[in-house]
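Values below: every heavy atom of this structure, side chains too, minus hydrogens, waters and symmetry copies. All chains are named by letter (A, B, ...) in the order of the sequence lines, taking the proteins before the strands, and each is independently numbered beginning at 1.
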There are 2 protein chains.
Amino acid sequence: MATIRDVATRSGVSTATVSYVLNNGPRTVRPRTQARVLAAMRELNYHPSAMARGLNHKRVNSIGVVTLHSVQSPLENPYYRPVLSGIVDAATRLRQSVNLFNGNVWESESSDFPVFCDGRCDGLLIFLPYVGNTLIPALKNQTAPFVIIGEGGTDPTVSSIDIDNVAVAREIVGHLIGFGHRRIAHFQGADYLLSSADRRLGYTEALAAAGIPFDPALVLTGDYETPSGYDLARTLFETAGEKPTAIFAANDRMAVGAIKALRELGLDVPRDVSVAGIDCSSHPDIPGTRLTSGDQHLMQLGETAVTMVMELINSAEPRIIKTLQPYDIVPGDTVGPPLIRA
Amino acid sequence: MATIRDVATRSGVSTATVSYVLNNGPRTVRPRTQARVLAAMRELNYHPSAMARGLNHKRVNSIGVVTLHSVQSPLENPYYRPVLSGIVDAATRLRQSVNLFNGNVWESESSDFPVFCDGRCDGLLIFLPYVGNTLIPALKNQTAPFVIIGEGGTDPTVSSIDIDNVAVAREIVGHLIGFGHRRIAHFQGADYLLSSADRRLGYTEALAAAGIPFDPALVLTGDYETPSGYDLARTLFETAGEKPTAIFAANDRMAVGAIKALRELGLDVPRDVSVAGIDCSSHPDIPGTRLTSGDQHLMQLGETAVTMVMELINSAEPRIIKTLQPYDIVPGDTVGPPLIRA
DNA sequence: TTGAAAGCGCTAACAT
DNA sequence: ATGTTAGCGCTTTCAA
């Protein structure tokens with residue numbers, strides 16, 4: 001590869017001049033000289049080294065995206081994918097490249113050596129850090145700014161973007177109550193994610209607001225994955241006890257799993273049981289059925305996350321930005337009035 | 001950020017020693033000294049700079065992925081996504097980060113300044129370079145090795161991975177012929193992609209092998225996108241002339257578009273018209289229907305592409321690797337025997 | 001077993 | 001308007 005020296009020699013100027021031509025400033029170069037330099041660059045097929053430049057002005061125009069969870073393949077996950085799409089789109093528009101890291105691999109390797117903050121990214125987007133992870137504390141001790149996606153929680157010392165999990169859960173349970181349901185089960189997410197507790201809180205708040213007594217037997221813990229929703233539904237409907245007329249699953253995948261289980265048990269959704277989730281993600285397992293859900297506008301969320309981290313990067317002093325993404329309750333085919341028992 | 005100097009000062013050794021501790025060699029360091037250095041690194045929360053290291057040994061452990069086409073969002077594209085998944089998975093396993101570039105943006109900006117080969121990636125994976133693009137020629141003049149995904153074509157001077165487009169098309173058309181079809185339309189892809197011509201060639205070869213005369217009126221040109229398949233099907237079936245009993249679409253998206261159109265026209269698939277595609281990608285537009293298609297094993301293709309580029313990166317002298325990915329014809333619900341006219 | 005110092009390719013203050 | 005040169009943070013040869 002040709003270096004700036006080669007170009008300088010070839011065009012008979014100093015490296016400084018070449019550099020100024022390269023960057024269109026900050027110094028002005030005589031047009032004739034400039035032309036000579038440009039010609040030399042072309043002839044030598046010269047491309048400035050990102051490494052050398054980065055070493056100087058500490059800026060590489062790349063943002064890192066870390067998926068901390070051991071998600072098999074982030075791109076196949078209905079939550080990650082739209083967010084990532086939004087990130088890639090926004091970053092591209094802003095001329096930033098996107099650096100993907102599968103965090104759990106890097107973390108397990110040597111937890112105190114996060115390659116993604118070794119200068120190859122100007123800033124980081126961290127997906128769903130689970131409760132008790134070691135990355136976030138480590139990240140606080142270094143200079144690359146970062147934004148947490150989906151699990152900012154109550155920590156006021158980190159920048160984050162999320163929906164208001166309590167509110168969206170409250171509203172969607174309210175939606176079920178509005179249809180006349182009083183016996184509503186909740187399939188909550190894994191407890192190592194803060195959102196699980198938040199959505200559960202929204203659920204209890206909605207019940208309380210409607211004067212419906214809370215029944216702990218109706219709250220079952222899953223893990224945000226489809227099979228867990230399936231298993232919980234089977235457990236709930238195959239064992240003895242009074243059945244719920246509706247299920248609020250903490251996300252769409254669990255809701256879809258539940259619907260599959262219910263159908264296998266000969267129950268109709270929503271005639272026999274209503275089901276609602278959160279995410280408005282795609283769910284190929286129940287073709288033709290539109291799940292009642294809370295739309296997090298995940299792509300938009302990814303785009304906003306990029307603008308946030310860019311702001312942090314461009315900001316002189318360290319800052320904390322907290323964003324709550326607006327959401328919408330989207331009625332689908334899976335919620336109806338409760339069945340009146342004979 | 002602490003530098004290697006800070007660590008050296010703090011532990012009372014030279015920067016050289018710190019470097020050797022950092023890399024576990026090539027020189028051996030006395031255990032006591034090493035311990036002191038490690039302690040200092042920990043205390044200072046030291047992380048070596050990727051830029052500075054890269055500047056020396058020209059290796060950053062990152063592979064670049066360039067999507068040249070103006071795909072809205074690569075992650076939402078049923079061809080790109082599984083390949084990308086495979087890439088991310090394989091790269092992660094090999095401890096490489098993945099750098100995503102939306103090539104058409106970078107290219108349009110200043111076609112002679114490809115940031116993705118400025119040293120921030122050790123090697124590149126290039127998606128579907130269209131015929132006549134300026135990137136590939138430019139890439140040949142620089143040192144970063146690259147592998148072309150999906151459009152290696154006949155150029156023997158570039159490394160590439162693809163399926164045998166002629167063969168897969170020939171086989172799938174053979175599959176249709178096997179059902180008794182003799183009047184088979186072909187919706188071909190955009191002509192700026194080599195695969196379009198290849199698949200079309202496979203189509204004509206299959207016809208020839210079966211002694212079926214080629215009818216140019218049955219070959220229509222789309223662009224690999226769903227709407228084009230829809231439009232072509234409407235055109236074909238709404239205008240006068242003898243209708244085909246089957247359609248071979250050059251990819252699944254066009255096939256799906258065609259099926260939608262046929263259904264709107266009151267035609268049943270496969271009773272009235274059989275339809276086959278290529279890709280085995282997901283297609284939410286025809287829920288419940290399994291499209292007869294040729295499986296390219298796209299995730300696998302992405303994984304193999306990564307191992308290929310890693311081989312090129314690790315190879316001392318420049319090499320060219322050509323890989324043909326195995327494929328399978330996957331029978332679905334959309335192909336049946338032709339309707340016998342009264 | 002360790003230190004000193006010369007680069008890697010570029011930028012930008014300091015000269016002229 | 002342009003050249004000189006001292007770094008950026010690290011690796012590695014050459015010395016000790």
Side-chain angles (χ1 to χ4, degrees), chain A residues 1-38 40-41 44-62 113 115 117-122 142-144, chain B residues 1-38 40-41 44-62 113 115 117-122 142-144:
Chain A
M1 282 295 257
T3 76
I4 200 172
R5 265 215 122 66
D6 301 326
V7 177
T9 313
R10 178 160 186 115
S11 45
V13 298
S14 71
T15 62
T17 301
V18 176
S19 175
Y20 293 125
V21 169
L22 207 53
N23 303 302
N24 268 319
R27 176 149 114 187
T28 162
V29 176
R30 183 157 53 110
R32 276 194 41 158
T33 316
Q34 189 175 53
R36 272 219 317 285
V37 172
L38 288 170
M41 297 203 307
L44 294 172
N45 190 34
Y46 166 74
H47 294 295
S49 148
M51 296 300 118
R53 305 188 103 172
L55 194 50
N56 282 297
H57 43 323
K58 278 103 172 24
R59 188 68 175 271
V60 289
N61 297 316
S62 181
F113 190 79
V115 286
C117 54
D118 64 358
R120 75 181 60 198
C121 299
D122 302 322
Q142 51 87 55
T143 45
Chain B
M1 281 298 255
T3 76
I4 200 172
R5 262 215 126 65
D6 301 326
V7 177
T9 312
R10 178 157 185 118
S11 45
V13 298
S14 70
T15 61
T17 302
V18 176
S19 175
Y20 294 124
V21 170
L22 207 53
N23 302 302
N24 268 319
R27 175 149 114 188
T28 163
V29 176
R30 184 157 53 110
R32 277 195 39 159
T33 317
Q34 190 175 52
R36 272 217 318 283
V37 171
L38 288 172
M41 298 202 307
L44 294 171
N45 190 32
Y46 168 73
H47 294 294
S49 146
M51 295 300 118
R53 305 188 103 171
L55 193 51
N56 282 297
H57 46 324
K58 279 102 175 23
R59 188 70 175 272
V60 289
N61 295 317
S62 181
F113 190 78
V115 287
C117 53
D118 65 357
R120 77 180 60 198
C121 300
D122 301 322
Q142 52 87 54
T143 46

Rounded to whole angstroms, how far apart are [atom1] on [X] and [atom2] on [N]?
X       : N       : atom1 : atom2 : value
M51(A)  : dT11(D) : CE    : C1'   : 15 Å
R5(B)   : dA5(C)  : CZ    : C1'   : 10 Å
R36(B)  : dT2(C)  : CZ    : C1'   : 11 Å
R120(B) : dC10(C) : CZ    : P     : 14 Å
L55(A)  : dT11(D) : CG    : P     : 12 Å

Taking everything shown except R5(A) itself, do over 12 heavy atoms lie less than 6.0 Å from its CZ? no
Derivation and outcome, side-chain hydrogen bond (donor to acceptor under 3.5 Å, both in side chains), residues N23(A) and R53(A): CA-CA 11 Å; N23(A) 303 302; R53(A) 305 188 103 172; 2.6 Å; yes
Does Q34(A) reach the side chain of N24(A), with side-chain heavy atoms less than 4.5 Å apart?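 Yes, their side chains come closer than 4.5 Å.
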Residue pair V37(A) / V29(A), side-chain heavy-atom distance below 4.5 Å: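 No - every pair of side-chain heavy atoms lies 4.5 Å or more apart.
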Summary of protein contacts for nucleotides 11-16 of chain C, nucleotide by nucleotide, where a base hit scores B, a sugar-phosphate-only hit scores S (4.0 Å, heavy atoms): BBBB--
Given V18(A), which partner from the list T9(A), V7(A), D6(A) fulfils the side chain to side chain contact (heavy atoms under 4.5 Å, CB included) test?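 It is V7(A); the other options fail the test.
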Check S62(B) against R120(B) and note the closest heavy-atom contact, atom names and distance.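 Smallest heavy-atom distance, with atoms named: CB-O, 3.8 Å.
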Among the nucleotides dT2(D), dC10(C), dT1(C), which one has an atom lying closest to any side-chain atom of S49(A)?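 Comparing dT2(D), dC10(C), dT1(C) against the side chain of S49(A), the answer is dC10(C).
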For a quick test of reading the model: is some side-chain N or O of T3(B) closer than 4.0 Å to OP1 or OP2 of dG9(D)? no
